S.K.: 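Sharing a structure with you now.
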Protein chains: 2
Amino acid sequence: MTNSAGKTGKTRIQREKNQQILEAALNVFSQFGFRGSTIDQIAKEAGLSKPNLLYYFPSKEAIHSELLSGLMDSWLDPMRELNADGDPKEEILSYVRRKLQMSRDFPRESRLFANEIIQGAPRILPAIEGELRELVAEKSAIIQGWINDGRIARLDPQHLLFSIWSLTQHYADFEVQVRAIMPADERVYPRAETHLETLFTRMISI
Amino acid sequence: MTNSAGKTGKTRIQREKNQQILEAALNVFSQFGFRGSTIDQIAKEAGLSKPNLLYYFPSKEAIHSELLSGLMDSWLDPMRELNADGDPKEEILSYVRRKLQMSRDFPRESRLFANEIIQGAPRILPAIEGELRELVAEKSAIIQGWINDGRIARLDPQHLLFSIWSLTQHYADFEVQVRAIMPADERVYPRAETHLETLFTRMISI
DNA sequence: ATCCATTTTGACCATTTGGTCAGGATCAGG
DNA sequence: CCTGATCCTGACCAAATGGTCAAAATGGAT
């Protein structure tokens, strides 16, 4: 995860501690949500005293918002790559694979977002209504174009995108449930990938 | 939502207040999670003083756990109805429709579960590893049977079930996001239903 | 080794939070 | 309309929480 934040600061110590704090905050916030998390908890997880942590960030709010905004960009990257000029099937399947990889490699980040959105997205609604909405409009148009050209089957482009998010993020957000149901030794992600490839292939094939 | 809880208690007032409290707690817990919610907040939402609320429930924990356990059963009902003797396609699509209806009619309940699971399911892991796991095993076997009989296309039954949960619950859990992206006047659920019918029809058709 | 900026800490504070309790208000049956 | 059971409240408490501050400790360039 490109942590655009946490790299700021001029001194060595500033960079290190900043990083530690954001890492710890990600652990805590992604599990308990903003209101359910405490500064003490984050400080402890980061190996700092509370006043020391507050030397680097002015408030709990500031840490959370730094995390979220630092994340917003890289979160949308997989969708940005969806290319109108590529092969429709390969474009869509690649997007699904990239998104599933993110769930596998950055589940905490996924849960941070999930928490935020379940709580009504108080801090990122503007970004959703702006940036994301626009991106969805753009990519939906591309997909609609493929449909009109008869290159993939008829479907609702917006809901197709929702489905991609839903299916891939599920493996991160509901990780505990998935693991509790699957046999303990089973490697979840390889099967998930095969499953989703099958699903979307059948969905878009003419 | 069958609120098996909240109907207990002998006096009229007990039944009423119990109901009010659980209703209010559902609002609060589903939005902020267990740790992010406060008794005061629930009491206020229920129109009671805090000590008065604590007259009916001994602790915050008790309210939460009553809500969750009261919900667990009705939450699994749609899956229980999946019947080995029915028509495979109709059985699966009916399940999807029932589940989507639940998202539409009981989004708070869905978010309550989502919150709980994201947080590592500390209070319901036993139920997941027991009841739910067993139910999944049973229904997976049915689906595998249909595959073996050549009545639906080859697929991973467990991941098919995950996909059904994921896709339907998404509309409740990420409601804010969906609404922020869709045109304001658009009726989300009718299109969602059509979309999911299409998706699962293509997925299972031979 | 010195010196200034950076970093860290303990002590502190106001508010919030989960929860208790004794006594007063209200209800429902006789 | 009396009475015991049920219900409700204000006052209270200890712990947790978000945050401040002055002073001590440390880092690093010279």
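Values in this document were obtained by computation on a predicted structure and should not be read as measured data. Quick note on labels: first sequence line is chain A, next is B, and so on, each numbered from 1.
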S.K.: List for me each residue that meets side chain to side chain donor-acceptor pair (under 3.5 Å) alongside A:Glu129, sequence neighbours excluded, and say none if there are none.
M.R.: none
S.K.: Going by side chain to side chain contact (heavy atoms under 4.5 Å, CB included), name the residues that satisfy it together with B:Asp105, two or more places apart in sequence or in a different chain.
M.R.: B:Gln101
S.K.: Compile the donor-acceptor pairs under 3.5 Å between side chains in residues 173-184 of chain A and protein atoms, sequence neighbours left out, one pair per line.
M.R.:
unit_1, atom_1, unit_2, atom_2, d
A:Asp173, OD1, A:Ser110, OG, 2.7
A:Glu175, OE1, A:Arg111, NH1, 2.9
A:Glu175, OE2, A:Arg179, NE, 3.4
A:Glu175, OE2, A:Arg179, NH2, 3.0

S.K.: Quick one, which residues of residues 33-43 of chain B touch DNA chain C with a heavy atom under 4.0 Å?
M.R.: B:Ser37, B:Thr38, B:Ile39
S.K.: Please enumerate all residues that pass salt bridge (charged side-chain N to carboxylate O under 4.0 Å, His left out) together with B:Asp73, with sequence neighbours excluded.
M.R.: B:Arg80
S.K.: What's the shortest heavy-atom distance between A:Ser163 and B:Leu199, and which atoms?
M.R.: OG-CD1, 4.0 Å
S.K.: Walking along DNA chain D from 5' to 3', note the first and the last nucleotide with an atom under 4.0 Å from a heavy atom of chain A, and give both.
M.R.: D:dT17 to D:dG28
S.K.: Write down the protein N/O and nucleotide N/O pairs, taken from nucleotides 6-11 of chain C, whose separation is under 3.5 Å; answer none if there are no such pairs.
M.R.:
unit_1, atom_1, unit_2, atom_2, d
C:dT7, OP1, A:Thr11, OG1, 2.4
C:dT7, OP2, A:Gln14, NE2, 2.6
C:dT7, OP2, A:Tyr55, OH, 3.1
C:dT8, OP1, A:Lys17, NZ, 2.5
C:dT8, OP2, A:Asn52, OD1, 3.2
C:dT8, OP2, A:Tyr56, OH, 2.6
C:dT8, O5', A:Asn52, ND2, 3.3
C:dT9, OP2, A:Ser49, OG, 3.2

S.K.: Which residues satisfy the ring-ring contact (aromatic ring centres under 6.0 Å, His included) test with A:His159, sequence neighbours excluded?
M.R.: A:Phe162, B:Tyr171, B:His195
S.K.: Test of understanding: with side chain to side chain donor-acceptor pair (under 3.5 Å), list the residues that count as partners of B:Gln144, not counting sequence neighbours.
M.R.: B:Asn148
S.K.: Return the set of residues passing side chain to side chain donor-acceptor pair (under 3.5 Å) with B:Glu197 (not counting sequence neighbours), or none when no residue passes.
M.R.: B:Arg97
S.K.: Looking at residues at least two apart in the chain, or sitting in another chain, which of them share a side chain to side chain contact (heavy atoms under 4.5 Å, CB included) with B:Lys44?
M.R.: none
S.K.: Please collect all ring-ring contact (aromatic ring centres under 6.0 Å, His included) contacts where either partner lies in residues 31-53 of chain B, sequence neighbours excluded, each pair once.
M.R.: B:Phe29-B:Phe34, B:Phe34-B:His64
S.K.: Atom CZ of B:Phe32 to atom P of C:dG18: distance rounded to whole Å?
M.R.: 13 Å
